[in-house]
Amino acid sequence: MSQNVRVRFAPSPTGPLHIGGVRTALFNYLFAKKHKGTFVLRIEDTDQNRYVEGAEDYIINALNWCGIPFDEGVGKNEKFGPYRQSERKHLYKQYADQLIASGNAYYAFDTAETLDFHRKDHEAKGKTFIYNWHNRLKLSNSLSLSNEDVQAKLDNGDDYVIRFKSPQDETLHLKDIIRGDIKIDTNILDDKVLFKSDGMPTYHLANIVDDHLMEISHVIRGEEWLPSLALHQQLYDAFGWQAPEFAHLPLILKPTGKGKLSKRDGDKLGFPVFPLEWTDPKTGDIARGYKEDGYFAEAVINFLAFLGWNPGTEQEIFSLNELVASFDLEKVNKSGARFDPDKTKWFNHHYMQEQSNSNLAEAFKNSHEELADIDSSYIEMVIALVKERATFVSDFWNLSHFFFIAPTSYDEKASKKALKDGTKELMEELIAVVEAADDSSKDDLQNAVKGWITFKDIGFGKVMMPLRLALVGALQGPDVFDIMFMIGKNESIKRIKHFIETI
């Protein structure tokens, strides 16, 4: 690609960053890195009524945790700053005026009451009110009023908005990297508001001006912005600017495959839809995050990459560098991508196995007070034995608690299965065998016990099931002799004796 690639992720700070927004940021990041370009973060906060305290920091922290930090943006390499739209508002009015001067936009003085009347009147007739070529000359604007009347309203300080003048009887030919060629009949387009009566631009004007001034080469954004493509292309044409290339990503769908994924789906089915935990500053409500739920950032990035993109191979596990090397916008699907909570866990299980035992041991130790005084090297050895069965660090305690504390009760169903006539006597004999065994290695313990079982010609299940029950409290866990070696001969004997007393 010969041009200098510059892409932007431009969220609004109206709350926590949805996982769909993270996917958009990821695809922008991958595309930029693939083409040795620049990934820009711009905060689109023109709607101050919806601004939420802390949301901007959340967005930046989320990108950093995911391992896809921006190259240029608020407080970082501010080549085209400022990067908050609220701090750029002095720029936009001149461009709106430029469109009026060129005849591509006009002042509209219609009151909210007038527009509401027209909407209700159209609804009563089974129609939809659209402000455009077919009725704009009947409404109160600089196209229908005389120059003197317009100037008088402006001088008088009457409220107005600036609308784009959409053309009549034309066909727009648009291009999208993912969706191909698109044709739009301009007669169905409305004259969108570009500049509001409060002195702030709408998204449509601000993002076009900012993308141009920040030299954005490719706009990669969600499918929900596809209906705006016609207006945005027309704005570029009206300014006489070269438009960036556009790519509209497919929606992330509910696990059922019907409808857009929402926080409610996560609450209902028990999975997060935000990268980090979020506390609503107004209500105090806490929304779950992938980080706090125990997901690894690498797993989140890997499963998000497959929501709408397919490398065209059987490979599913990709490091971030591999994603960069393989990513291609033309391999992004047009249709929505179904979110699969079980698949996200599958990815996390994989990345769990790739974590070092020392890092996992530290995380496990920090999450349980019971482990505060336990030697970290011992915890690492335990992790090595159980992590294959774990998906999250939070799984470790259930998988390994018996390495740290002796069972005080025994699973009822397992007890019925393991206890037979003569079990008590066998366990008493086993104590003597274990006492006499060399416990310097797992193999020594195993050879001693299995040798005795073979010599006595006892069915292995008659000994091994009650032995596991005595050590663990249930018929679960790794190899029995790994457990015995780890907790030691004396502790093993102590647990067997308690088991005998209990049964």
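These numbers were taken from a predicted model, which means no experiment stands behind them.
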Test item: E322 side-chain N/O and S319 main-chain N/O as donor-acceptor pair under 3.5 Å = yes
query = Which atoms form the tightest heavy-atom contact between R389 and P478, and what is the distance?
reply = NH2-CA, 3.8 Å
task = May I ask you to check whether W225 and H248 place their ring centers less than 6.0 Å from one another?
result = no
inquiry  = Any side-chain to backbone donor/acceptor pair from D395 onto T391? Under 3.5 Å, distance only.
reply    = yes
message = For F31 and H218, I'd like to know if the aromatic rings sit close, meaning centre-to-centre distance below 6.0 Å.
response = yes
ask   = Could you walk me through whether S400 and V382 pass the side chain to side chain contact (heavy atoms under 4.5 Å, CB included) check?
value = CA-CA 7 Å; S400 69; V382 172; 3.5 Å; yes
ask   = Could R8 and F39 be counted as a cation-pi pair, given that NZ or CZ must be under 6.0 Å from the ring centre and within 45° of the axis?
value = no
key: Donor-acceptor pair, side chain of N132 and main chain of L189, under 3.5 angstrom   = yes
request  = Determine, for K334 against E223, whether the closest basic-nitrogen to carboxylate-oxygen distance falls under 4.0 angstrom.
outcome  = no
query = Excluding sequence neighbours, so at least two apart, what forms side chain to side chain contact (heavy atoms under 4.5 Å, CB included) with E44?
reply = A10, S12, R42, Q85, Y203, N207
query = Which of parallel (below 30°), tilted (30 to 60°) and perpendicular (above 60°) describes F364 and F396?
reply = perpendicular
inquiry  = So, using salt bridge (Lys or Arg N to Asp or Glu O under 4.0 Å) as the criterion, who are the partners of K120 when residues are at least two apart?
reply    = D116
key: Donor-acceptor under 3.5 Å (E78 side chain, G75 main chain)   = yes
query = Is a donor on one side and an acceptor on the other found under 3.5 Å between the side chain of N366 and the backbone of A363?
reply = no
query = Counting N and O atoms only, with roles assigned by atom type, does the side chain of S326 sit under 3.5 Å from a partner on the main chain of L323, one being a donor and the other an acceptor?
reply = no
ask   = What is the distance from atom CD of E56 to atom OH of Y58, rounded to the nearest 0.5 Å?
value = 14.5 Å
ask   = From D280 CG over to K282 NZ, what is the distance, rounded to the nearest 0.5 angstrom?
value = 7.5 Å
key: For the student: nearest non-hydrogen atoms of G284 and T279, plus distance   = O-CG2, 3.8 Å
Steps toward side chain to side chain contact (heavy atoms under 4.5 Å, CB included) verdict (L213, R88) = CA-CA 11 Å; L213 295 179; R88 299 171 63 84; 3.7 Å; yes
inquiry  = With a 4.0 Å cut-off on N to O distance, would you call R84 and D45 a salt bridge?
reply    = no
request  = Verify the neighbour count for atom CD of Q353: are there more than 12 heavy atoms of other residues, nucleotides or ligands below 6.0 Å?
outcome  = yes
ask   = Does atom CD of E170 have more than 12 heavy-atom neighbours from other groups under 6.0 Å away?
value = yes
query = With no hydrogens and no angle check, is any side-chain donor or acceptor of N348 less than 3.5 Å from a backbone partner on A299?
reply = no
query = When L174 is tested against each of Q234, K183, Q233 for side chain to side chain contact (heavy atoms under 4.5 Å, CB included), which residue passes?
reply = Q233
Side-chain donor-acceptor pairs of residues 308-315 under 3.5 Å, sequence neighbours excluded:
| from | atom 1 | to | atom 2 | distance (Å) |
| --- | --- | --- | --- | --- |
| N310 | OD1 | G312 | N | 2.7 |
| T313 | OG1 | Q315 | N | 3.3 |
| Q315 | NE2 | I317 | O | 2.9 |

ask   = Is it true that the NZ or CZ of R23 lies under 6.0 Å from the centre of F27's six-membered ring and within 45 degrees of the ring axis?
value = yes
task = Would you tell me whether S335 and N333 have side-chain atoms, one donor and one acceptor, within less than 3.5 Å of each other?
result = no
ask   = Relative to each other, are the rings of F404 and Y378 parallel, tilted or perpendicular (30° and 60° limits)?
value = perpendicular
task = Identify the heavy atoms of R338 and K254 that sit nearest to each other, and give their distance.
result = CG-O, 3.3 Å
ask   = Which distance, rounded to the nearest 0.5 Å, do you find between the NZ of K345 and the CG of D340?
value = 10.5 Å
Salt-bridge present (K165, D191; N to O < 4.0 Å) = no
task = Would you please indicate if the ring centroids of Y290 and F303 are separated by under 6.0 Å?
result = yes
message = So that I know where these two stand, are W241 and Y95 an aromatic pair - ring centroids less than 6.0 Å apart?
response = yes
inquiry  = Do L41 and V74 have side chains that approach each other closer than 4.5 Å (heavy atoms only, starting at C-beta)?
reply    = no
note = Tested for side chain to side chain contact (heavy atoms under 4.5 Å, CB included) against F347, the lone hit among L304, V300, N302 is N302
ask   = Between the main-chain N or O of F164 and the side-chain N or O of K192, is there a donor-acceptor pair closer than 3.5 Å?
value = no
message = If the threshold is 4.0 Å, N to carboxylate O, is there a salt bridge linking E362 and K365?
response = no
note = One should read off an interatomic distance between L115 CG and L139 CG, to the nearest 0.5 angstrom, of 7.0 Å
ask   = side-chain hydrogen bond (donor to acceptor under 3.5 Å, both in side chains) with N141: which of Y131, Y106, Y160?
value = Y131
request  = Please list, chain by chain and in numerical order, all residues satisfying side chain to side chain contact (heavy atoms under 4.5 Å, CB included) with P341, sequence neighbours excluded.
outcome  = P255, F271, F339
query = What do you reckon, is CD of Q94 surrounded by more than 12 foreign heavy atoms closer than 6.0 Å?
reply = yes
key: Atom pair CG (D181) and CG (D176), whose distance is rounded to the nearest 0.5 Å   = 10.0 Å
message = For D373, I'd like to know if atom CG has over 12 heavy atoms of other residues, nucleotides or ligands within 6.0 Å.
response = no
Which atom of K175 lies closest to which atom of L229, heavy atoms considered = O-CD2, 4.4 Å
task = Could you tell me if the ring centre of F392 sits under 6.0 Å from that of Y295?
result = yes
task = Kindly compute the distance separating OG1 (T256) from CG (D265), expressed to the nearest 0.5 Å.
result = 7.0 Å
key: Minimum-distance pair of heavy atoms, taken over all atoms of G67 and Y29   = O-OH, 4.0 Å
ask   = With no hydrogens and no angle check, is any side-chain donor or acceptor of T114 less than 3.5 Å from a backbone partner on D110?
value = no
ask   = Which atom pair, heavy atoms only, marks the closest approach of A247 to I177?
value = CB-CB, 4.1 Å
ask   = Is the NZ or CZ atom of K153 positioned over F109's six-membered ring, under 6.0 angstrom from the centre and within 45° of the axis?
value = yes
query = What residues form a side chain to side chain contact (heavy atoms under 4.5 Å, CB included) with T38, not counting sequence neighbours?
reply = R6, V40, D71, E72
note = Hits for side chain to side chain contact (heavy atoms under 4.5 Å, CB included) against D198, two or more places apart or cross-chain, chain-then-number order -> K196, M200
inquiry  = Quick one: does any side-chain atom of Q476 pair with a main-chain N or O of V472 as donor and acceptor, under 3.5 Å?
reply    = no
